[in-house]
Number of protein chains: 2
Amino acid sequence: MAGSAGDLVRLVAKGHGRSRAELARLSGMAPSSVSLRVEELIDAGLLREDGEGASRGGRRPRQLRLHENAGVVVAVDVGTHHLRMAVLDLAGRVLLEHELPGDITEGPERVSERLLEHIRMTLRQATVEELPLLGVGMGMPGPVDPAAAKVIAPSRMPGWNEYPIGRRMSELLGVRVVVENDANLMAVGEHRYGWPDRDNLMAVKAGTGIGCGIIASGKLHRGRGAAGDISHVPVHVPEPVTCSCGHSDCLEAHASGAALRRTLRAQGIEVSSSRQLVELVNDGVPEVTTLVRNAGRLAGQVLTPLVNFFNPDVLVLGGGLSAAEPFVAAVRGAIYERCLPLATRDLEIATAVTGRDACMLGAGALVLDEVLASEWVDDTLSAR
Amino acid sequence: MAGSAGDLVRLVAKGHGRSRAELARLSGMAPSSVSLRVEELIDAGLLREDGEGASRGGRRPRQLRLHENAGVVVAVDVGTHHLRMAVLDLAGRVLLEHELPGDITEGPERVSERLLEHIRMTLRQATVEELPLLGVGMGMPGPVDPAAAKVIAPSRMPGWNEYPIGRRMSELLGVRVVVENDANLMAVGEHRYGWPDRDNLMAVKAGTGIGCGIIASGKLHRGRGAAGDISHVPVHVPEPVTCSCGHSDCLEAHASGAALRRTLRAQGIEVSSSRQLVELVNDGVPEVTTLVRNAGRLAGQVLTPLVNFFNPDVLVLGGGLSAAEPFVAAVRGAIYERCLPLATRDLEIATAVTGRDACMLGAGALVLDEVLASEWVDDTLSAR
DNA sequence: ACACGAAACTTCGATTCCGAACAAAGATGG
DNA sequence: CCATCTTTGTTCGGAATCGAAGTTTCGTGT
């Protein structure tokens with residue numbers, strides 16, 4: 001692997017390189033060069049020594065970590081009915097966390113205004129007062145063009161189409177802003193915080209909508225930009241329900257939180273959010289439980305060929321519905337029943353390790369990657 | 001981006017770096033360093049200058065290519081009813097090509113014996129007589145564990161399970177032997193020879209069986225080893241047919257060449273190979289055409305969610321059935337009908353550029369990658 | 001307690017590599 | 001046809017990198 005200052009910082013940031021010796025092994029650089037570079041990075045305030053680690057049969061390594069005062073990033077999860085926000089240090093540790101209600105249908109101007117206000121307020125808090133803001137990561141519940149940092153052709157997000165949310169935020173805050181789809185971020189977050197050594201991962205986000213993020217060979221797979229879309233895969237159901245795409249047998253039209261709520265409403269049961277839906281399941285309301293279990297079965301039906309095809313190490317289930325045990329059980333059942341033994345033999349099927357924070361943490365991880373891959377490292381080095 | 005002698009050779013081999021200046025840009029090394037290294041490589045007989053290229057507004061570049069006398073690799077496509085073989089130079093150009101009938105059910109001992117004999121015979125031919133053999137790539141029509149170079153749990157290949165074909169060939173020939181699944185190789189071959197700039201590609205091989213190879217970010221995606229399996233995805237059909245896996249609605253049981261031949265046999269039409277099947281289609285035999293078109297529809301049905309999910313740049317259709325126009329048309333139709341516009345907008349659906357050679361060329365490309373990534377380059381450099 | 005090996009750094013001379021300036025060769029445009 | 005700009009490739013001194021040997025510090029076995 002290549003060898004420059006940035007590479008070392010990134011290795012430390014991802015937790016793979018925790019001592020000079022380890023960095024030398026991973027980066028391919030000579031131990032002497034690593035030592036020199038690390039010294040510089042410590043002098044520049046980017047790294048810091050952090051006690052000694054466990055011996056592996058010889059001298060104990062002097063552990064390295066990113067200096068917590070080097071800077072912070074802000075991670076935002078824009079949901080359909082909430083705004084979640086966190087401030088992370090360069091190592092991806094959460095310093096502050098914060099949720100406020102929101103309504104994405106209010107449009108991008110109002111939402112971004114509220115967001116900015118809260119980001120500024122949060123950054124004034126004591127814990128992070130003096131630390132420079134290095135970047136912002138945002139997750140959006142719809143298709144995103146990350147290069148343009150825009151949402152494109154979303155459903156349920158009036159006014160957001162092509163709105164340059166990334167550029168706007170970037171101008172007002174003066175830092176880089178990366179925008180990504182929420183399911184993709186869930187995949188990034190779970191890969192980083194939950195399954196760092198499993199480099200092929202699928203993360204299904206079953207909330208108001210249904211999406212899927214893909215990690216292939218350790219990197220987010222975007223395809224031509226729309227990869228991971230499973231919402232309009234046809235499923236086998238008795239009663240057709242018209243979907244926004246014009247078909248009537250889409251997974252999303254039958255198994256998403258929005259679809260379930262619609263069905264319940266027709267039965268006279270009013271539910272306002274996925275969370276409340278799950279509460280009803282946990283309270284043992286039979287109609288709701290049946291419905292949720294069936295949604296899981298449908299999702300499993302769709303995921304089965306995808307698991308055979310992609311053959312991941314881990315399948316992560318996240319989003320609101322994943323908090324309902326029957327949903328998860330049904331997905332598991334469908335997959336084990338119909339996937340090839342070769343595909344399920346070593347497959348882990350798990351709910352999101354980071355729970356409701358998955359998308360937000362993924363946004364943080366993504367922007368951290370960008371920051372640490374940028375010129376910022378070298379600039380900081382040469383500045384001191 | 002790293003910079004050593006091997007990297008330069010690989011860039012030249014892949015056709016991306018064709019002059020010193022281009023190599024400098026792509027490798028990230030300084031132009032001066034590239035010049036020095038290239039000089040060494042030319043002295044060692046690995047590279048050679050090849051006239052001048054077109055000017056881009058300044059001095060004309062002195063083009064570089066791999067020296068054709070540096071060595072050769074052998075690529076083998078082991079089919080169910082044939083053995084195809086080629087000798088390639090380091091740039092992946094075919095020097096000799098060769099097909100002989102074969103029957104994979106004769107078992108690994110007899111097949112590998114015949115193969116060895118033919119490889120040795122071919123290598124004695126005038127064109128490649130003096131050139132060192134650097135490696136062998138083999139494609140097998142079943143699941144492969146590339147690390148162990150074995151076929152694992154195949155259907156229709158009695159005697160091959162766990163047989164160490166790679167090690168055996170390697171011992172007898174004295175060179176490295178890489179073994180891979182044929183659909184994966186088709187993907188590699190098509191990516192290299194047909195779509196070098198499209199780094200997300202799916203290649204479907206519809207022959208006696210049905211398989212799929214995946215190129216993600218320019219590299220073969222293996223998942224946990226079984227990625228690309230689409231043969232046992234359930235399809236929607238009126239009449240169940242028992243599959244080797246125990247289910248009755250597998251794609252392979254209804255749309256593979258073997259399945260079609262079985263159906264035709266029940267109708268009193270005896271067909272011995274996929275090629276003959278295609279001939280009947282081209283002769284306009286209606287029963288056969290209908291059957292093949294339906295197989296294409298089923299394959300398309302299965303591919304639709306996978307295209308949405310993986311969102312490739314290119315979908316390549318190869319294998320025997322892809323020579324039948326109705327099959328290809330049906331796949332195309334199914335995908336355009338049911339995939340998301342976002343996924344099909346820039347999607348290319350094409351039959352294999354390299355036709356029947358795809359797997360074989362893929363085997364060559366794969367072993368070339370291995371050879372050029374090995375110590376061989378550095379050894380050759382320091383030897384002279 | 002002591003010797004020994006093993007791992008984590010450090011030191012320092014030799015080597016490699018970079019990068020800025022330069023030379024070569026050609027396109028472009030009056 | 002000549003001046004100017006581009007691109008390619010080379011030269012050469014200075015700087016960064018390597019790597020082999022050395023130092024430090026620990027586990028292990030006796």
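Residue numbering restarts at 1 for every chain, and letters A, B, ... go by the order of the sequence lines.
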Is Glu130(A) atom CD crowded by more than 12 heavy atoms from other residues, nucleotides or ligands, each under 6.0 Å away?
-> no
Think Arg56(A) has a side-chain N or O under 4.0 angstrom from the OP1 or OP2 of dA8(C)?
-> yes
Leu64(A) has an atom CG; how far is it from atom P of dC9(C), in whole Å?
-> 7 Å
Once you round it to whole Å, what is the distance between P of dT10(D) and CG of Leu23(B)?
-> 12 Å
Glu52(B) CD - dA27(C) P separation (whole Å) = 10 Å
Is any side-chain N or O of Arg62(A) closer than 4.0 Å to OP1 or OP2 of dT24(D)?
-> no
Just checking, any donor-acceptor pair under 3.5 angstrom between side chains of His191(A) and Asp199(A)?
-> yes
Sub-3.5 Å donor-acceptor pair from the side chain of Ser19(A) to the main-chain atoms of Glu22(A), do we have one?
-> yes
Mind calculating the distance between CD1 (Ile42(A)) and P (dC9(C)) to the nearest angstrom?
-> 11 Å
Closer to the 5' end of DNA chain D via nearest nucleotide, is it Ser33(A) or Ser19(B)?
-> Ser19(B)
Give a yes/no answer on whether the side chain of Ser55(B) brings an N or O atom under 4.0 Å of OP1 or OP2 in dA25(C).
-> no
Flag if over 12 foreign heavy atoms under 6.0 Å of CZ, Arg345(B) = no
In whole angstrom, what separates Glu22(A)'s CD from dA7(C)'s P?
-> 13 Å
Rounded off to whole Å, could you give me the CD-to-P distance for the Glu39(A) and dC12(C) pair?
-> 15 Å
Leu36(A) CG to dT17(D) C1', in whole Å, measures 9 Å
Grab the CE-P distance between Met29(B) and dG19(C) for me, whole Å please.
-> 12 Å
Any side-chain N or O of Arg20(B) under 4.0 Å from OP1/OP2 of dT10(D)?
-> yes
Phosphate oxygens OP1/OP2 of dT10(C): is one of them under 4.0 Å from a side-chain N or O of Ser35(A)?
-> yes
Considering only dT17(D), dT10(C), dG19(C), which nucleotide approaches the side chain of Pro31(A) most closely?
-> dT10(C)
Verify the neighbour count for atom CZ of Arg18(B): are there more than 12 heavy atoms of other residues, nucleotides or ligands below 6.0 Å?
-> no
Look at the side-chain N and O atoms of Ser32(B) and state whether any lies under 4.0 Å from the OP1 or OP2 oxygen of dG19(C).
-> no
Can you find an N or O donor on one side and an acceptor on the other, under 3.5 Å apart, linking the side chain of Arg59(B) with the base of dT7(D)?
-> no
Looking at Arg60(B), does any N or O in its side chain come under 4.0 Å of the phosphate oxygens OP1/OP2 on dG26(C)?
-> yes
